[in-house]
Amino acid sequence: MSTRYAGIAWTGTGYRVEVIDGAGRRVTEPSGWGAAQVAELIAWLGELGREQPLAVVIDSTNGLLDGPMTAAGLEVYRADPWLLPPRPRFGSVPARRLAEQAHSTPGELARVTAESGTLAGRADEYFEGVRRSEPLQAALTAAGRCLEHGDRDTPRIALTFDDGPDPVQTRRILEILDRYGVRATFFCVGHHVAALPDEVRRIAEAGHEIGNHSWSHPFLPDLTAEQLREQLDRTAEAVARVTGEAPTRFRPPYGALSPEVLAALDGHPTTLTLWDVDSRDWARPGPERIAATVLEAAGPGSVVLMHESGGDRRQTVQALPSIIEGLLERGLEPVPVAELPAPPGTGGSRPLVQEAHDLRLEH
């Protein structure tokens, strides 16, 4: 039985899907799905896969679907830029083109699994980009425009959640944070902000900080400077429409950097915000392991990376009470990133929110 190929393109409002068969013929009419209809889209693809083997194809600028799709048991592949025509300034290549690429050269696509992660096959490139970025990143850190952690002598710690908002898990996380009287930072993707404005409003009204995590969660080195800035600006505008205030922090998807990415961010009114404690919750190792990973590595000034969306995040929610209780028992106060005092040598000991404000005035 031959395989069908479902190409999924992202747009400013949702997703476009085209499915072809082993002969390259259209299986169904092209369909559009809103950004809030991911569960319905996955269920529909699952039905197609039960009828006949199905390979789902995305490109490297779409990091929002592989997590939930692999968690649902779908067979997911990534088509990289050297296989595809140029993308528009905002959006991916057409869905039909992605399906045709999988049909014509299936062996050249990267298989994405929950174990491999989104960047399967490109780890060396990722780490080389980070390595080449170290001098520029150090200069940005010294200037107060990049943060991995706060002051190590102040008993504060920042819990951060990426990839949201999520229609289910965001509320559960907010309920747990409220129960303990803890505030955090949520790095949201524009695609989800536009689809779920009420969830963004809940985050802001509860006193949490909202950061920018791009629009479609792309692998940033694959974007042009214009495409990268478009991702940030549209996300900032989407958040501002809901909360009245644009984010002042940007977290690059996957923490992927390169000198070219940092050059594209030069002069942009945002503070690059990374982390020093990775919960590795994306691998779904179990809530106990997630909590242990955080508590074993966290200390004063730490910035903890967790996720609220982009896949099955129930384990993160289950681990959160143990994480908060463990931090509080050690005398570490969870606060938003903006309330972490700056490390020595980065402009003083004022909270980083003041540093970011001053730097925006300077540019």
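Counting begins at 1 with the first residue of the sequence.
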Verify, without hydrogens or angle tests, whether [X] (side chain) and [Y] (backbone) share a donor-acceptor contact under 3.5 angstrom.
| X | Y | value |
| --- | --- | --- |
| Glu18 | Tyr5 | no |
| Thr105 | Gly107 | no |
| Tyr126 | Tyr254 | yes |
| Ser279 | Asp281 | yes |
| Ser116 | Val112 | no |
| Thr61 | Pro218 | no |
| Ser133 | Ser258 | yes |
| His191 | Thr11 | yes |
| Thr70 | Thr113 | no |
| Gln169 | Asp166 | no |

Candidate pair Gln137 and Leu257, rule side-chain contact (heavy atoms from CB on, under 4.5 Å), full reasoning: CA-CA 9 Å; Gln137 184 182 336; Leu257 295 175; 3.6 Å; yes
Listed once per pair and sorted, the side-chain hydrogen bond (donor to acceptor under 3.5 Å, both in side chains) pairs that draw on residues 319-336, sequence neighbours left out: Tyr180-Glu325
Are [X] and [Y] linked, directly or through other ILVMFWY residues, by side chains that come within less than 4.5 angstrom of each other?
| X | Y | value |
| --- | --- | --- |
| Trp282 | Trp275 | no |
| Phe186 | Ile324 | yes |
| Val189 | Ile42 | yes |
| Phe90 | Ile8 | yes |
| Ile157 | Phe161 | yes |

Derivation and outcome, side-chain contact (heavy atoms from CB on, under 4.5 Å), residues Thr243 and Ile210: CA-CA 9 Å; Thr243 68; Ile210 296 177; 4.0 Å; yes
Do the side chains of [Y] and [X] get nearer than 4.5 Å, heavy atoms only?
| X | Y | value |
| --- | --- | --- |
| Val17 | Leu41 | yes |
| Leu327 | Leu159 | yes |
| Trp44 | Val19 | yes |
| Pro165 | Ser309 | no |
| Asp312 | Pro68 | no |
| Ile203 | Leu174 | yes |
| Leu340 | Asp151 | no |
| Arg96 | Ile20 | yes |

Less than 4.0 Å between a side-chain N and a carboxylate O, is that true for [Y] and [X]?
| X | Y | result |
| --- | --- | --- |
| Arg4 | Glu51 | yes |
| Arg25 | Asp21 | yes |
| Arg172 | Glu175 | no |
| Arg89 | Glu226 | no |
| Glu199 | Arg202 | yes |
| Asp124 | Arg122 | no |
| Arg234 | Glu230 | yes |

Please determine, by modelled atom types, if [X] and [Y] share a side-chain donor-acceptor pair under 3.5 angstrom.
| X | Y | answer |
| --- | --- | --- |
| Thr118 | Asp66 | yes |
| Gln231 | Thr235 | no |
| His217 | Asp163 | yes |
| Ser60 | Asp222 | yes |
| Gln318 | Arg314 | no |
| Tyr77 | Glu75 | yes |

Phe250 vs His213, ring-ring contact (aromatic ring centres under 6.0 Å, His included): CA-CA, chis, key distance, verdict: CA-CA 6 Å; Phe250 170 58; His213 198 39; 7.4 Å; no
Glu245 CD: over 12 foreign heavy atoms closer than 6.0 Å: no
Which atom of Pro253 lies closest to which atom of Ser214, heavy atoms considered: CG-OG, 3.5 Å
Nearest atoms (heavy-atom pairs only) where Gly190 meets Trp215: CA-CE3, 3.4 Å
Rounded at 0.5 Å granularity, tell me how far [atom1] in [X] sits from [atom2] in [Y].
| X | Y | atom1 | atom2 | result |
| --- | --- | --- | --- | --- |
| Thr271 | Leu140 | OG1 | CG | 10.0 Å |
| Leu119 | Arg78 | CG | CZ | 6.5 Å |
| Leu305 | Thr273 | CG | OG1 | 12.0 Å |
| Leu223 | Arg87 | CG | CZ | 5.5 Å |
| Leu320 | Ile176 | CG | CD1 | 4.5 Å |

Arg183: which of Glu209, Glu339, His208 passes side chain to side chain donor-acceptor pair (under 3.5 Å): Glu339
CA sep, side-chain torsions, deciding dist, call: Ser104, Glu100, side-chain hydrogen bond (donor to acceptor under 3.5 Å, both in side chains): CA-CA 6 Å; Ser104 61; Glu100 290 173 343; over 6 Å; no
Which side-chain N or O atoms in residues 294-302 pair as donor and acceptor under 3.5 Å with protein atoms at least two apart or in another chain?
from: Glu296; atom 1: OE1; to: Arg289; atom 2: NH2; distance (Å): 3.2
from: Glu296; atom 1: OE2; to: Arg289; atom 2: NH2; distance (Å): 3.3
from: Ser302; atom 1: OG; to: Arg152; atom 2: NH1; distance (Å): 3.4
from: Ser302; atom 1: OG; to: Asp276; atom 2: OD2; distance (Å): 3.2
from: Ser302; atom 1: OG; to: Gly299; atom 2: N; distance (Å): 3.0
from: Ser302; atom 1: OG; to: Gly299; atom 2: O; distance (Å): 3.1

side-chain contact (heavy atoms from CB on, under 4.5 Å) between Glu108 and Leu83, worked out: CA-CA 8 Å; Glu108 295 186 30; Leu83 300 173; 2.9 Å; yes
Asp162: partners by salt bridge (Lys or Arg N to Asp or Glu O under 4.0 Å), with sequence neighbours left out: Arg251
Leu64 and His192: CA distance, side-chain angles, deciding distance, side-chain contact (heavy atoms from CB on, under 4.5 Å) verdict: CA-CA 9 Å; Leu64 301 175; His192 292 165; 4.2 Å; yes
